[in-house]
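Heads up, the thing below is written out as structure tokens.
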Amino acid sequence: MTNVTSKYEGPLGLPGGPVIPAGGTVLVEKWDIIKEHQVVKAWLDAGVIFAEEPEDTADNTDKDAEKAQKDLLIAELAELGIEKNRRSSLETLQEALDAAKAAAQGQESSSGEGSENGSQGE
């Protein structure tokens, strides 16, 4: 997807695509195809319109990866009986998971051990 901006005084209809309002910008899905149209090429050459990739493309990928990490941590916390959601930061979720695991491990080691206080000598 590409942002296409018009410097023209009126709306411009892209062939097979959206209408760009006067002085406005629209996100065009099939820019690779539309930019090859002879009228669009003329508008580009004349500086009537210009195109640029959206800046947040990498940010969206990072956000998707962060959501996936959060979902994994939330699922692990849910297995331990702790409810969290995506509003929590990754750091907070990880800290909660670490604390829950430590608490669970502490409960396991305190139960069943140390019950034999009898004599060890023969």
With a 3.5 Å cut-off and sequence neighbours excluded, list the donor-acceptor pairs that the side chains of residues 67-82 form with protein atoms.
{"from": "Lys70", "atom 1": "NZ", "to": "Arg86", "atom 2": "O", "distance (Å)": "2.8"}
{"from": "Lys70", "atom 1": "NZ", "to": "Ser88", "atom 2": "O", "distance (Å)": "3.0"}
{"from": "Asp71", "atom 1": "OD1", "to": "Arg86", "atom 2": "NE", "distance (Å)": "2.9"}
{"from": "Asp71", "atom 1": "OD1", "to": "Arg86", "atom 2": "NH2", "distance (Å)": "3.3"}
{"from": "Asp71", "atom 1": "OD2", "to": "Arg86", "atom 2": "NH2", "distance (Å)": "2.8"}
{"from": "Glu76", "atom 1": "OE1", "to": "Lys101", "atom 2": "NZ", "distance (Å)": "3.4"}

Which ILVMFWY residues can you reach from Ile33 by hopping between side chains whose heavy atoms are under 4.5 Å apart?
-> none
Remaining members of the apolar cluster that contains Leu14, side-chain heavy atoms under 4.5 Å = Val4, Tyr8, Leu12, Ile20, Val26, Val28, Trp31, Ile34, Val39, Val40, Trp43, Leu44, Val48, Ile49
Do Glu53 and Thr2 meet the criterion of a side-chain donor-acceptor pair at a distance under 3.5 Å?
-> yes
When you look at CD of Glu36, are more than 12 heavy atoms from neighbouring residues, nucleotides or ligands closer to it than 6.0 Å?
-> yes
Heavy-atom closest contact (Ser6 atom, Pro21 atom, distance) = CB-O, 4.0 Å
